[in-house]
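Reminder, nothing fancy here: chain letters follow the sequence lines and each chain counts from 1.
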Number of protein chains: 2
Amino acid sequence: MSLIVQKYGGSSVADAESIKRVAKRIIDTKRGGNEVVVAVSAMGDTTDDLIDLAHEVAPMPDPREFDMLVTTGERVSMALLAMAIKGLGYDARSYTGSQAGMITDSKHGDARIVDVTPVRVREALDDGAIAIVAGFQGFNRDSRDITTLGRGGSDTTAVALAAALDADVCEIYSDVDGVFTADPRIVPKARKLDHITSEEMLELAANGAKVLHIRAVEYARRQGVTLHVRSSFSTNPGTVVYNPDREEEFTVEEPMIAGVAHDLSQAKITIVGVPDVPGKAAEIFSLVADQGANVDMIVQNVSSATSGTTDISFTLPQQVSARVAQALETHRDEIGYASLAHDDQIGKVSLVGSGMRTNIGVSARLFEALRDAGINMDMISTSEIRISIVVRADLVAEVANAIHTAFELDGEDEAVVYAGTGR
Amino acid sequence: MSLIVQKYGGSSVADAESIKRVAKRIIDTKRGGNEVVVAVSAMGDTTDDLIDLAHEVAPMPDPREFDMLVTTGERVSMALLAMAIKGLGYDARSYTGSQAGMITDSKHGDARIVDVTPVRVREALDDGAIAIVAGFQGFNRDSRDITTLGRGGSDTTAVALAAALDADVCEIYSDVDGVFTADPRIVPKARKLDHITSEEMLELAANGAKVLHIRAVEYARRQGVTLHVRSSFSTNPGTVVYNPDREEEFTVEEPMIAGVAHDLSQAKITIVGVPDVPGKAAEIFSLVADQGANVDMIVQNVSSATSGTTDISFTLPQQVSARVAQALETHRDEIGYASLAHDDQIGKVSLVGSGMRTNIGVSARLFEALRDAGINMDMISTSEIRISIVVRADLVAEVANAIHTAFELDGEDEAVVYAGTGR
């Protein structure tokens with residue numbers, strides 16, 4: 001008998017009908033002779049509605065009360081889901097984050113899991129019942145207060161339960177069929193991957209792929225949990241995200257390249273004429289860090305021998321880029337640079353694949369493809385299994401498609417595109 | 001420094017604006033130099049909406065899951081209320097039923113409070129904070145499951161907290177100004193009472209007055225909690241419901257009659273020609289009890305010497321009356337009665353007043369009033385401080401007004417009538 005943890009996003013439990021449909025699906029899994037634990041998100045837009053209410057009553061809602069408020073969304077969906085299952089004649093019990101033993105630190109709004117003690121969940125399974133757990137939420141033992149896990153929280157709940165219960169697989173259900181070689185919305189010929197290494201999945205998620213939250217992937221990789229990303233709207237197999245320990249099962253037919261990710265949420269700042277003396281970079285980036293900006297790519301030109309100055313470019317999230325540019329302007333004289341350029345009309349396209357390690361010439365092939373397409377790159381950065389380039393925002397789709405074709409990732413027919421994905 | 005427990009019904013926290021208004025009111029009480037504990041109901045129709053959802057996913061929702069579901073309503077309102085208070089610069093902390101130590105038995109949907117251990121509420125007060133507690137809900141220690149207290153649950157939560165914290169007063173806020181000498185919706189000249197004994201309040205509540213739930217009044221009387229029923233839409237003093245131990249403070253001007261209550265939710269069953277032999281009544285009412293019917297009034301005519309039979313009439317809730325009539329029909333032969341009449345077009349009007357004990361001729365005065373109004377009574381029953389009569393439903397308003405006038409309860413001007421009252 002296998003133990004399967006399933007996670008259903010908000011779009012999969014948006015209304016009573018969807019909840020009943022998901023209930024049937026859970027029962028099918030149970031009838032397949034498995035033990036089933038389900039982590040569920042709040043119904044559709046419930047959480048957003050609660051957040052709006054909070055801001056109506058208080059400009060800056062208290063974090064503790066905010067968590068108490070937003071966690072009600074998952075409590076509603078988990079209770080309804082358990083009712084629906086019981087209504088169909090199968091035993092089910094719902095548990096809040098604290099009842100399920102999701103122990104976290106006390107950082108309200110973005111708490112980290114410190115321990116998972118799913119005693120009651122285990123009891124329910126031993127009684128032959130299906131356990132439904134509220135996603136996204138936890139409990140701090142010291143303050144005895146309810147906490148939330150931040151973005152992608154329900155995925156993390158599912159992975160944490162799968163790890164603690166030593167589940168055979170953690171199925172992440174949303175409204176997309178799985179992990180694609182690229183975002184079908186901009187690359188029509190994107191193919192669904194049957195499997196991908198957790199390492200590649202991490203790079204894709206970190207570089208703009210939205211299907212899985214990076215935190216859940218990290219947790220799964222660290223805990224050796226195998227993920228299965230699939231759609232709750234079809235019974236098609238999705239994409240298996242596996243860890244190094246299971247590589248022999250899959251590597252047989254492992255492709256060199258996993259996929260192409262794109263990210264339009266970054267901006268670029270270029271500082272021209274920075275004195276090429278030790279400590280300048282440190283001076284600049286400590287200033288950037290003070291603004292709470294998370295820098296992604298950094299490129300420094302070769303110093304010009306004549307002027308003794310260099311240019312430094314880096315990318316950072318658009319939300320903070322204006323603030324950072326302002327701070328740099330303010331310290332212009334003490335840093336001693338010539339001019340500053342701030343551009344938020346950029347996009348990043350990344351090619352990801354474990355095969356890069358053993359295959360030489362990947363970057364050469366990539367640059368040829370861009371040359372043939374007449375694309376001019378702004379920045380380049382590489383990791384062991386990834387090559388990322390920054391181009392003008394309006395070129396991102398063209399670049400992604402060109403690379404996708406160059407590396408023979410194109411599928412036969414166009415991929416189906418869905419509305420959006422649940423939390 | 002006084003400790004004041006306040007309860008706000010659903011209509012008082014129906015939307016963000018109302019919540020902010022209530023928050024200001026709570027802060028005013030706090031600034032008055034008091035410790036404040038608040039029990040709050042779910043916003044407006046939230047609970048009904050959740051109940052509808054439950055029935056959409058399952059015809060007969062599981063009781064445990066149902067309680068888990070509906071208790072989210074109070075969690076939302078308590079968190080929003082705490083946020084609103086903090087937003088105005090005062091410390092506030094919200095607590096769920098279990099966090100507030102509302103320990104109940106395990107009867108889901110109608111749990112009884114077995115212990116109240118408001119340790120965290122007390123801690124909050126000691127820290128100078130306002131404590132907000134989710135009404136209507138509790139926690140069963142053995143099953144570690146969430147329970148609900150049934151109808152009027154939030155009033156009961158407030159009273160239970162007031163008793164456990166030895167509060168000076170428990171203020172019950174709704175959208176009516178207090179307890180009236182009659183329902184202003186049918187007796188325009190009804191007056192608001194400044195105070196009333198808990199004993200009289202119990203009789204009024206038991207006989208149709210809706211302003212307070214009888215269970216909360218019983219709890220307050222048993223625990224010696226003084227209630228103050230008032231409106232959250234005005235600052236007028238409401239009605240104080242006091243216990244025997246405080247009678248000397250009020251009896252000075254205690255009126256003979258407290259008020260007139262009416263009840264249109266009952267039906268009447270009359271069994272004609274019942275053999276007047278010992279044990280028949282027992283036979284009939286055990287049958288009625290088997291149907292889960294709660295009998296209110298019972299009247300047995302004097303036996304007719306010639307036939308050796310008697311007629312028995314009794315009132316019971318309309319929801320069950322048809323079922324009971326059916327059961328009696330089925331056992332007609334073994335009971336051996338002649339015929340049965342079932343009438344759900346009746347109403348009960350009750351006159352309540354502690355003064356009845358010491359004032360003779362109250363019933364005579366009542367019957368004169370009805371005679372003068374040309375009203376024919378179906379049934380009469382009396383308690384130490386109450387006289388109830390049953391009349392045709394369409395006569396209830398006329399009867400209530402006639403009695404109200406006859407006992408000089410009429411006020412100068414017409415009372416304001418509000419929409420309805422929150423849970």
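- Considering only heavy-atom pairs separated by less than 4.5 Å from chain B, the leading option among A/I146, A/D15, A/L53 is A/L53.
- For chain A, the option among B/G87, B/A79, B/S77 with the highest count of heavy-atom pairs below 4.5 Å is B/A79.
- Side-chain atoms of A/I132 and B/E65, non-hydrogen and from C-beta on, never get closer than 4.5 Å to each other.
- Side-chain N or O atoms of B/R120 include one that pairs as donor or acceptor with a backbone N or O of A/R144 at under 3.5 Å.
- Heavy atoms of A/Q99 lying under 4.5 Å from chain B belong exclusively to its side chain.
- Looking at B/A23, there are no atoms closer than 4.5 Å to chain A (heavy atoms on both sides), in backbone or side chain.
- For the atom pair CD (A/E56) and CG (B/L80), the distance works out to 9.0 Å, reported to the nearest 0.5 Å.
- Checking each of A/M83, A/M78, A/R93 against B/M68 for a side chain to side chain contact (heavy atoms under 4.5 Å, CB included) leaves exactly one that passes, namely A/M78.
- For A/I19, the part sitting under 4.5 Å from any heavy atom of chain B is the side chain, from C-beta outward, and nothing else.
- When each of B/S94, B/A58, B/A16, B/A92 is scored by its heavy-atom pairs under 4.5 Å with chain A, the top score falls to B/S94.
- Looking at heavy atoms from C-beta onward, A/K86 lies out of side-chain contact with B/R64 at the 4.5 angstrom threshold.
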